[in-house]
Asks: 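After the structure tokens below, expect a handful of questions from me.
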Amino acid sequence: MAVDQPTHAAATPAGDQSRIHDIGYRGYDGPRLGRAYARRSLYSQSLRGAYGLGRSVKSKVLPMLLFAVMCVPAAIMVAVAVATKAHELPVSYTRYAIIMQAVISLYIASQAPQAVSRDLRFKTVPLYFSRPIETADYVRAKFAALASALFVLTAGPLLVMYAGALLSKMDFAHQTKEFAQGLVSVALLSLLFAGIGLVIAAFTPRRGFGIAAVIAVLTISYGAVSTLQAIASTQDSDSAIPWIGLFSPITLIDGVQSAFLGGSSAFPGGVGPSHGEGVVYVLVVLGLTAACYGLLNRRYQKVGL
């Protein structure tokens, strides 16, 4: 006996199942703020990020702790100066950053990779360059943000010392002059260290590798230069001491401020560079900073392709 098979409706063509849904997307017809606005935004966000602002609580701990470590010794010196009615601070403004170089190195080692390594690791750099922002804008914003953050770190203790000196009724003109010299010194330090830290961090997407590399470059170079200077001093080759100081970022800043900013040199025997040698120090600092900027530009031109 034949069994009737159920009949099926003819298959509906795929085109007849298509639907257009209006979900409310509209084109942007507001003002186009352009590159300058994008550059300012990237700068402000990078500067905030250098102190963990706008990020998790864990991200704030280290930069805020290092800032406190920088300021607490300055506050203690001020308290002692006020209590003893001293006529001078125990440490000069230009000398303070050299003494606290380990804290500064740790800060730049932790924040330089934070500024650039995540963009490299998650490959978001080409997204920046798909907008009006260009390679030079990105580099300038990151460089300026890290240098500004480092300037806040190093100038903050100097401001504490200056305020304490005025409260202690020390000579206003003398303290103001030395405070201004200290600000110039830490401004140069901030530019140089920011450039070195960013160049090193920009060549690795791994934050841990970036931190280790920055610490190694800053500490090993300073240790090697200090050792060679000590050997030159024991060999009565004092004339070689200033030239050896050209090969470490910290000794470069030490040489500039001892030659032109009235600072006392930390070189063995207190033998700092003369004014003529100081000119070479200034040129090396500016040249090295410019070279770091150029390397960053070339690096991100390749990354953005």
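What's counted below: heavy atoms across the whole structure, side chains too, no hydrogens, waters or symmetry copies.
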Asks: Do any N or O atoms from the side chain of Y138 and from the backbone of N297 form a donor-acceptor pair under 3.5 angstrom?
Replies: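 The answer is no, because no donor-acceptor pair under 3.5 Å joins these two groups.
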Asks: Check the pair S148 / Y43 against side-chain hydrogen bond (donor to acceptor under 3.5 Å, both in side chains), numbers first and verdict last.
Replies: CA-CA 10 Å; S148 299; Y43 167 79; 2.9 Å; yes
Asks: Begin with the C-alpha distance, continue with both residues' side-chain angles, and end with the deciding distance and a verdict on side-chain hydrogen bond (donor to acceptor under 3.5 Å, both in side chains) for Y162 and T176.
Replies: CA-CA 8 Å; Y162 180 63; T176 302; 2.8 Å; yes
Asks: May I ask you to decide if Q114's main-chain N or O and S117's side chain share a donor-acceptor pair within less than 3.5 Å?
Replies: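 Flag not set: sc S117 to bb Q114 has no pair under 3.5 Å.
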Asks: Keeping S59 on the side-chain end and G52 on the backbone end, is there a donor-acceptor pair under 3.5 Å?
Replies: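 No, the answer is negative, given that no donor and acceptor are paired below the 3.5 Å cut-off.
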Asks: Please name the pair of heavy atoms, one in L296 and one in L198, separated by the smallest distance, quoted to 0.1 Å.
Replies: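 In terms of heavy atoms, the two residues are closest at CD2-O, 3.6 Å.
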Asks: Take atom NZ in K60; do more than 12 heavy atoms of anything else shown fall under 6.0 Å from it?
Replies: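 For K60, atom NZ is crowded (more than 12 foreign heavy atoms under 6.0 Å).
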Asks: Parallel, tilted or perpendicular, judged at 30° and 60°: which one describes the rings of Y93 and F179?
Replies: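 If you compare the ring of Y93 with that of F179, the planes turn out perpendicular.
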Asks: Following the transitive rule for hydrophobic clusters with a side-chain heavy-atom cut-off under 4.5 Å over Ile, Leu, Val, Met, Phe, Trp and Tyr, establish whether V256 and I99 coincide in one cluster.
Replies: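 As far as the 4.5 Å side-chain criterion goes, I99 and V256 are connected within one cluster.
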Asks: Which of these passes side chain to side chain contact (heavy atoms under 4.5 Å, CB included) with Y300: T135, D119, L295?
Replies: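 That would be T135.
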Asks: Determine, stepwise, if the pair Q257 / S185 fulfils side-chain hydrogen bond (donor to acceptor under 3.5 Å, both in side chains).
Replies: CA-CA 6 Å; Q257 65 186 21; S185 174; 2.4 Å; yes
Asks: With ring-ring contact (aromatic ring centres under 6.0 Å, His included) as the test, pick out the partner of Y107 among Y51, F67, F193.
Replies: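 Single pass found, and it is Y51.
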